[in-house]
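These notes concern the structure reproduced below.
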Amino acid sequence: MEIKNQKLSNDDFFAERKEVLQQWPTGKDVDFDEAVAYQKSIPAKKRFGVKLEQAVKDGTTLIQPRAGVALYKEHIELLKYLEDEGEADLLPTTIDSYTRLNRYKEAQVGIDKSFETGRSMLNGFPALNYGVHICREVTSALKSPVQVRHGTPDARLLTEISIAGGFTSYEGGGISYNIPYSKNFSIEHTIAHWQYTDRLIGLYEEAGVSINREPFGPLTGTLVPPCISNAVAVIEAVLAATQGVKDVTVGYGQCGNLIQDVAAIRSLESMTRKYLDQFSFTDVRISTVFHQWMGGFPQDESKSFGVISWGAAAAVLAKATKVIVKTPHEAVGIPTKEANAAGLKASKQLASMLQQQSFCDMPAVIAEAEIIMAEMTCILNKVEELGKGDWAKGTVLAFEAGVLDIPFAPSKYNAGKMMPARDNNGAIRILSCGNIPLSNELVLFHKQKLDERAAYENRAVSFQMVVDDVYAIGKGFLVGRPN
Ligand SMILES: CC[C@H]1O[C@@H](n2cnc3c(N)ncnc32)[C@H](O)[C@@H]1O
């Protein structure tokens, strides 16, 4: 299929929309004009982008959990508990895995079984099967803005129902919801599907309804060098803005070295602004999201609060606009509402205690941010060159060439040649570039950082360091030291 980074024409979009709305019976309840009117009836204080914009102005860090259960009345109770007891500033609705794979028949079975047993038999909220009216029951029952969070390569119908259902923010992207989440979906297909999603949101914007969009920052969440996850976030922001999206939250998953994590957020925000402006999207609003530790969690709940609080502190010190909060049940599965609220309150404590502090102007942070921005520039320049100026085409070619290469990704379209490892301070460095087009100077920088670790550990730089770093997390460490 031929893709290009160009706004979909109304003819093409509405022709495709006919097919999309027929993918499941609940699609027939979606009426664009009626949904625009419904969205316009949602007050400003319940709009995701409005709350984010205020936080950017105030320099505060908002807290948001992940949460989703199968039965919609329980889902409402859960979200009410998280905004009241958990003090969440922003609410999620995490979608179940069947829906993410477009397996709506199985989602329906899960709903039926959940009603029969009175227990949630799905690992998230099956918004698509419930449809517009039940989604509106959920979103209208809450005081806070609500966002749909998921991991769906083809989310076209889910977008239609979610926005018509009163959600005012939507996570995902054609790269970030493909490479970490699927094996066989081609990049062309998921970029095209997400151009549909972003065009729909562009049409809402043109009708006077602003919807926030959030590319999924962490990707595989395992030793992903900040330059790579940041480059993907910038690409998805540019592709979204091309379709008319006006409100973007770019994100990053905590890697563990505090200086590097703060630098990652700072470089992400400034480079997103730089490239959006370069493409003349100067009216697109930008906010940032920091995801608390995406790696393995300790089983021990007290230790997990240490990880959660560390992630909250890093987010606040990086002046991220919001932080996605983990729970003390992370190691075991879907959290209880109490555990979810506990993670939120620990994070809220850090956010309020550290609000007046920032690490952004520390020389070490600025130096690390310069490195990350230089690396992002090498990658994005190559995407530009490969696509001859078209970033959609360039992205597909970049993955084929390994110019974009995400470590430990399941997708067969990902080269998997680049290998990361931590340096002696736990920062993510590049042990082997694969085809990531870093300059010689940057390659040397990474080599020197890994040589420092090798000297400290009295061993040669090797792939064994990568293996040790992956296993270190489960043992409660960051750097995988030799036995
Ligand atoms: C991106 C992966 C993250 O999403 C979390 N997650 C997935 N589904 C749910 C869920 N239904 N409720 C709360 N957290 C959830 C999971 O624990 C992991 O931290």
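Remember, it's 1-based here, ligands and their atoms both numbered in the order they're listed. The structure displayed is predicted, hence computed values, not measured ones.
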| query | Can you name the ring-ring contact (aromatic ring centres under 6.0 Å, His included) partners of His329, sequence neighbours left out? | reply | none

| remark: Separation between CD1 (Ile191) and CD1 (Ile235), nearest 0.5 Å, reads 8.0 Å

| Spatial distance of atom CD (Glu330) from atom CH2 (Trp293) [nearest 0.5 Å] | 12.0 Å

| message | We want to know whether Glu171 and Tyr177 form a side-chain donor-acceptor pair, criterion being a heavy-atom distance below 3.5 angstrom. | response | yes

| query | ligand 1: which residues have a non-hydrogen atom closer than 4.0 Å? | reply | Arg66, Ala67, Gly68, Thr94, Asn123, Met294, Lys326, Glu330, Ile334, Pro335

| Among side-chain atoms of Glu236 and Ser176, is any donor-acceptor pair under 3.5 angstrom? | yes

| query | Do we see a donor-acceptor contact under 3.5 Å between the side chains of Glu269 and Tyr252? | reply | no

